[in-house]
Amino acid sequence: MRQDPLALGAGPLTIEAVVAVARQRRTVTLAPLVAPRIAAARAVVERLAGAEVPVYGLTTGLGAGVDTRLTADDLIAFQHRAVPARAVGVGRHLPTDILRALMLVRAAGYAAGGSGASPSMLHALVAALNAGFHPLVPSKGSIGADDLAPLAHLGRALLGDPEAEAEVGGDILPADAALARAGLAPPVLGLKDGHAVVVANALSVGQGCLVLEDARVALDALDAAAALSCEGFRAQLEPLDPRVQQARPAPGQAEAAARLRALLAGSALEQPGAARRLQDPLSFRCLAPVHGAVRVTLEAAREPVAIELNAAADNPLVAAEAGIGEDAGGEMLHNGNFDMTALVLRFEALGQALAQAATMAAHRTMKLMSPTVSDLPRFLTPQGQSRTGFATVQKTIAALEAEIRHLALPASLGVLPVADGIEDHASMAPAVVAKTGEIVERLRWLTAIELAAAAQAVDLRGPLVLGAGTRAVHGFVRGLVAPLEEDRSQGPDFERLARSIAAGALQQAVAAACRGAGSAGLTSAAP
């Protein structure tokens, strides 16, 4: 579906808008009020550059060099040095969607007016996004006290540095040739412009938007997999009873139980005596409390991201609005608004919450394969123990679950002081956001495996009356993966399912089935 251009500065920038620009190539325009806002901030920069006052990054050096005053004839040259001097990133290049999210978030920061950058810098970023000009930006090098290194590599390419590279139309070219191929011209750096390129947390915030969206979709799929496991296990549904939720209204629990009941609506499990056991293992019985807590944690992580998307967090901050400065000319205020601790704490919590759900999924899937607990053939093979069935899949489950628990350990509790000890605290925001994204990726694989095992369990159990939602989940799985009759390589099966989960195809299929059956509240919608 064709989307209207995103008018940057016309209203609050949303997580969903960032995802659309990053992954669906939605185009970007500038709202009319952006130009006067930038002009007012730019006037403050130009006035203070000629005054006898020290301003960080404008008339002084950066980092430990704050104690060094720049001479009048060095002000512009310093901006040209500031960008390549911070292009110190290493490692794999950012994927295109993360890069585009980074570019949009930095453009939003310019549009907010606090950077004081020249209008040409904002126009260059927007034009690059719309033209599909994608600089090659290494993924490592930022500690979250502004994403200096990634933004510097982006800036080098935008400025046409022939030693930088960019992708245009699938070809990787020197940045100057790539700009020409895209029909773009590099902006001319003016006062403060080089510093403004790098002084933002655009990588952390931009990638954070994508991780939050991926986590939301993954949790929808995990709900579906868990419900199908309940069918295959013939689980007890009493823990989902609304009266249970009312008795202890823990955060998110009632909503999670309602989602699972919607998936299972119409199942034979709703009939008295249909469950095999009086009480199931906790990975089944505690689905609503755990999945509810994870959803609440996910929503909590959205708040700091939404704030950052619409903030002016530059240091120094240009305060050009009437009444903020000591006079009508405005001020440049030195600050620590680049600190990302609030966002990082929410993402650390989200990673730990996802790990809780992942461990439960691993236990459920293992239980389906155990005849002593499930009353199904060992390792879900219909051919007997001369066949392997799902036996070695348990090793993949164990590996993924262990990696998720490792990634959920905090990464933000310490960092080496840098800049001659001046910068003695940092949040490690890019690393925390990235590892949360890695948890989501592994959770998708675990969910894919649970879906395949649960569908096999349903088939082995014999003809079952499934719920409207779980019937759609089973059909979705069988549309991609055949039942396991004879041993085969199952890795490709899991990959196909994981890709479909990432694309939202399972969510769409189940939502359509439940709408047709009159169920509501099944899949989460982006707020």
- Task: Test Leu102 against Gln207 for side-chain contact (heavy atoms from CB on, under 4.5 Å), laying out the working first.
- Result: CA-CA 7 Å; Leu102 178 158; Gln207 185 171 8; over 6 Å; no
- Task: Could you tell me whether a side-chain N or O of Asn310 sits under 3.5 Å from a main-chain N or O of Ala306, the two making a donor and an acceptor?
- Result: yes
Closest non-hydrogen atoms of Ile38 and Ala111, given as atom of the first, atom of the second and distance, are CD1-CA, 4.5 Å
Closest heavy-atom pair, Ala20 versus Gln3, reported as atoms and distance to 0.1 Å, is CB-OE1, 3.6 Å
### Arg100 side-chain N/O to Val21 backbone N/O, donor-acceptor pair under 3.5 Å
yes
- Decide, yes or no, whether a salt bridge links Arg216 with Asp223 under the criterion of side-chain N to carboxylate O below 4.0 Å. no
Above 12 or not: heavy atoms from other molecules or residues under 6.0 Å from CG of Asp424? yes
Q) Between Arg405 and Glu401, is there a salt bridge with N-O shorter than 4.0 Å? A) yes
Closest heavy-atom pair, Glu450 versus Ala226, reported as atoms and distance to 0.1 Å, is OE2-CA, 3.7 Å
- Item | Exam field: side chain Arg86 to backbone Ala82, donor-acceptor pair closer than 3.5 Å | yes
| Less than 4.5 Å apart, any side-chain heavy atom of Leu451 and any of Thr447? | yes
| said: Is it the case that over 12 heavy atoms from other parts of the model lie below 6.0 angstrom from the NE2 atom of His406? | reply: no
Is there a side-chain contact between Asn201 and Glu308 (heavy atoms, below 4.5 Å)?
no
Review point. Stepwise, does the side-chain contact (heavy atoms from CB on, under 4.5 Å) test hold for Arg25 with Leu129?
Key: CA-CA 8 Å; Arg25 303 294 177 93; Leu129 273 169; over 6 Å; no
Check: Ala200 main-chain N/O paired with Asp146 side-chain donor or acceptor under 3.5 Å:
yes
Here the gap from His195 atom NE2 to Tyr56 atom OH, rounded to the nearest 0.5 Å, amounts to 5.0 Å
Next item on the list: Using a 4.5 Å cut-off on heavy atoms from C-beta on, say whether the side chain of Thr14 contacts that of Leu309.
Entry: no
Quiz prompt | Asp214 with Arg23: basic N within carboxylate O range, under 4.0 Å | solution = yes
ask   = Considering residues, nucleotides and ligands other than Gln356, do more than 12 of their heavy atoms fall under 6.0 Å from its CD?
value = no
In short, His80 meets Pro84 closest at the heavy-atom pair O-CD, 3.0 Å
Separation between NZ (Lys435) and CG (Leu409), nearest 0.5 Å, reads 7.0 Å
Output for pair (Thr59 OG1, Asp74 CG), nearest 0.5 Å, gives 11.5 Å
For Ile404 and Leu354, what are the C-alpha separation, side-chain angles and deciding distance, and is it a side-chain contact (heavy atoms from CB on, under 4.5 Å)? CA-CA 8 Å; Ile404 288 172; Leu354 292 169; 5.9 Å; no
inquiry  = So Val199 and Phe338, do their side chains get closer than 4.5 Å, heavy atoms only?
reply    = no
inquiry  = Looking only at side-chain N and O atoms, does Ser118 offer a donor or acceptor that is under 3.5 Å from a partner on Asp193?
reply    = yes
| message | For Glu46, is there an ion pair with Arg42 - N to carboxylate O distance below 4.0 angstrom? | response | yes
Between the CZ atom in Arg156 and the CG atom in Leu136, the distance rounded to the nearest 0.5 Å is 11.0 Å
Are any non-hydrogen side-chain atoms of Leu8 and Val34 less than 4.5 angstrom apart? no
On a heavy-atom basis, the closest approach of Ala256 and Ala288 is CB-O, 3.5 Å
Between Pro186 and Leu158, is there a side-chain heavy-atom distance shorter than 4.5 Å? no
- Are Val415 and His425 close enough, and set up right, to give a side-chain contact (heavy atoms from CB on, under 4.5 Å), and what steps lead you there? CA-CA 7 Å; Val415 65; His425 169 75; 5.8 Å; no
*asked:* We want to know whether Asp339 and Ser427 form a side-chain donor-acceptor pair, criterion being a heavy-atom distance below 3.5 angstrom.
replied: no
key: Over-ring placement of Arg106 relative to Tyr110, 6.0 Å and 45° cut-offs   = yes
Between the CG atom in Asp176 and the CD atom in Glu165, the distance rounded to the nearest 0.5 Å is 11.0 Å
**Message:** For a quick check under 3.5 Å, do Asp314 and Ser115 share a side-chain donor-acceptor pair by atom type?
**Reply:** no
Any side-chain donor near an acceptor of the partner, Glu348 and Ser412, under 3.5 Å: yes
**Item:** Side-chain donor/acceptor of Arg444 to backbone N/O of Val440, under 3.5 Å
**Value:** no
Check: Does the side chain of Glu163 come within less than 4.5 Å of Pro174's, by heavy atoms?
Finding: no
On a heavy-atom basis, the closest approach of Ala224 and Leu506 is CB-CD2, 4.1 Å
Under 3.5 Å donor-acceptor, His291 side chain and Ala357 backbone: no
Check your understanding: Would you say Val197 and Leu159 make side-chain contact, with heavy atoms under 4.5 Å?
Key -> no
Here the gap from Glu213 atom CD to Glu16 atom CD, rounded to the nearest 0.5 Å, amounts to 6.5 Å
Q) Would you call Glu303 and Arg346 a salt bridge, taking side-chain N to carboxylate O under 4.0 Å as the test? A) yes
